[in-house]
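Heads up, the thing below is written out as structure tokens.
As the structure is a prediction and not an experimental result, all values here were calculated from the model.
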Number of protein chains: 2
Amino acid sequence: MVGRTRILLQPGVEETLKAVREAVVSGNVLLIVGGCRVEYEGRARSILGEGERIVVLKPDGSVLVHRPTGHSPVNWQPPRSITESRIVDGELRIESFRRGVREVLRITFSSISLVASMPLVDRGEFCMHASEEEMREAVLLEPRLIEEGFRPIKDEKRVESGFIDVYGLDSRGRLTVVELKRKTAGRDAVLQLSRYVRQLKSTSRREVRGILAAPSIAKGAQSLLEALGLEFKPLSPEECYKVLRERGGLRSILGGG
Amino acid sequence: MVGRTRILLQPGVEETLKAVREAVVSGNVLLIVGGCRVEYEGRARSILGEGERIVVLKPDGSVLVHRPTGHSPVNWQPPRSITESRIVDGELRIESFRRGVREVLRITFSSISLVASMPLVDRGEFCMHASEEEMREAVLLEPRLIEEGFRPIKDEKRVESGFIDVYGLDSRGRLTVVELKRKTAGRDAVLQLSRYVRQLKSTSRREVRGILAAPSIAKGAQSLLEALGLEFKPLSPEECYKVLRERGGLRSILGGG
DNA sequence: TGCTAAATCTCGAAC
DNA sequence: GTTCGAGGTTTAGCA
């Protein structure tokens, strides 16, 4: 269900209506720039007089109305809202209804200068604070993030099933494998750690510990972890970011001065 | 300092750079749709991988980066930020710096599918909750909003210098003039009320009270009000909206059901 | 300019 | 689904 790109300059009302409906059905992002009035009613109520704005309809149902100034949209509707469009008295009217709650946004266009309907693809990962690789750097820089007395070995450790995030020796000389996760760790993370521990055990007579370091652990994964004799250490990207910033371990984009 | 509308489809990097700079200088709103990576560093730090997004540069210095989903921008910069754009390794890079604080947003485009630079004019009034006319309706519906025992007269009252918002009799039978304002009332509002009171006094032997009803009153206007023997009553569009909603005095856009 | 309180806050996670 | 807490919260009103 991917739509095609359509750019319309100063389009007529009928033409725009068609583009709007096509965008909504096909999952395109739709931009409309033009003169409009906006009414909102729900948790509160507002009326916005005539003026030129940017309107964005996203394929997840969210709607944004942006004036030429200000960070925040003057009016909006959250994701999962339902869009209806029609022509009223020769003007294009777009209404967006929230699901479950009685809340309406109504945009009525008096003029339309630009319509752009585009099938945007965005699979980029968004990392706040620190990426998994940077969490690794933070742990190498400050091993106490895992536990007191932990001495990591800097080299990357390759085992059969992949690369171990961090490994080293604990305060009592036991081999220790650390699996890092940016988000709540699930069963898959526990099983992955378990594989690494098993493979290390098979190549060494030492005792081997497995530590799962993540912001939190899923409920089901907790019992699995315990059953496998592994451990959990709370560790968040925020903490790692602080360490990297304080210890200068970041590739900063902020200029000096 | 008004720019001209420019729409570019699949433009080259140099062409886009020129349009960006032109938009920033001329005060145009600029839309860029394309593939990009985004880095942010300041109060926190974030990295967003490659993907197609909508970027908005507003003439007040605010910057928005919107993914195809979600209400909120994935990255942004508030008004009064400063935009710099240049070409790095053949790619367009836009950086936005906050004033005063060390905070940077960096957008690097790998592809550009649409650029729109437009001088948007938006002088529309934004009324949250209730307009001045609706505040009037609320007071007529619920006179206690002004004071206990106030009995408004529904007819519009014309005097020399204009229309009185609300007038009527107080609990002791005194003629009472009410001047309504949606926002903090200034000297002009006090003087306007004063004129109405003076004109009513000149045509009647009754005592005449003047009440300025607004969310708040400016400091300078307060002393003027007292000097003229007028009164202030706190009254906000929010309160009026509640009354109108409870008493059914609204032209709702919410469908029944 | 700096602080405080409200917001159609949004958003994610836990219950 | 509902509630609760955090956020690069933002925003508006004042000192």
Query - Whether A:His71 and B:Trp76 hold their rings parallel, tilted or perpendicular, with breakpoints at 30° and 60° - result: perpendicular

Requested in this report: Could you check B:Arg37 against B:Glu91 for salt bridge (Lys or Arg N to Asp or Glu O under 4.0 Å), going step by step and ending with a plain yes or no?
Outcome: CA-CA 11 Å; B:Arg37 312 177 291 285; B:Glu91 294 180 315; 2.9 Å; yes

Report task. Could you tell me whether B:Glu238 contacts a base, only the sugar-phosphate backbone, or nothing, with contacts defined as non-hydrogen atoms closer than 4.0 Å? Result -> nothing

Report task. Indicate yes or no: does A:Glu39 engage B:Arg251 in a salt bridge with an N to O separation below 4.0 Å. Result -> no

Requested in this report: Inspect the contact between A:Glu132 and A:Arg182 and indicate whether a charged nitrogen and a carboxylate oxygen are less than 4.0 angstrom apart.
Outcome: no

**Report entry** Shortest non-hydrogen contact from B:Gly210 toward B:Leu193
**Finding:** C-CD2, 3.7 Å

Query raised in the report: Have A:Ser223 and A:Glu226 got a donor and an acceptor in their side chains that come within less than 3.5 Å?
Result: no

Query raised in the report: First and last nucleotide of DNA chain D in contact with chain B, 5' to 3', at under 4.0 Å to a heavy atom: what are they?
Result: D:dG8 to D:dC14

Query raised in the report: So does A:Glu239 pair up with A:Lys242, basic N to acidic O under 4.0 Å?
Result: no

Report summary line: Assert: residue with more 5' nearest nucleotide on DNA chain C, out of A:Gln77 and B:Arg80, is B:Arg80

Query raised in the report: Considering only the C1' atoms, how many Å lie between D:dG7 and D:dT11, rounded to the nearest integer?
Result: 15 Å

Query raised in the report: Want to settle it: does B:Asn75 or B:Lys219 sit nearer the 5' end of DNA chain D, counting the closest nucleotide to each?
Result: B:Asn75

Requested in this report: Write down the distance between CD (B:Glu239) and C1' (C:dA6), rounded to a whole number of angstrom.
Outcome: 15 Å

Query raised in the report: What is the nucleic acid contact for A:Glu41, judged by heavy atoms within less than 4.0 Å: base, sugar-phosphate only, or nothing?
Result: nothing

Query raised in the report: Say you draw a straight line from CZ of A:Arg86 to CD1 of A:Ile94; how long is it, rounded to the nearest 0.5 Å?
Result: 12.0 Å

**Report entry** Pairwise P distance for D:dG8 and D:dC4, with rounding to whole Å
**Finding:** 22 Å

Query raised in the report: Base, sugar-phosphate, or nothing: which does B:Glu103 touch, judged by heavy atoms less than 4.0 Å apart?
Result: base

Report task. Spell out protein contact along nucleotides 9-14 of chain C as letters: B when the base is contacted, S when just the sugar-phosphate is, - when no protein heavy atom is under 4.0 Å; keep the 5' to 3' order. Result -> SSS--S

Query - D:dA6 and D:dT10, which share atom name C1', separated by this distance in whole Å - result: 14 Å

Without placing hydrogens or testing angles, list every side-chain donor-acceptor pair under 3.5 Å for residues 54-65 of chain A, not counting sequence neighbours.
from	atom 1	to	atom 2	distance (Å)
A:Lys58	NZ	B:His66	ND1	2.9
A:Lys58	NZ	B:Arg67	O	2.8
A:Lys58	NZ	B:Thr69	O	3.4
A:Lys58	NZ	B:Gly70	O	2.7
A:Asp60	OD1	A:Ser62	N	3.0
A:Asp60	OD1	A:Ser62	OG	2.6
A:Asp60	OD2	B:Gly70	N	2.6

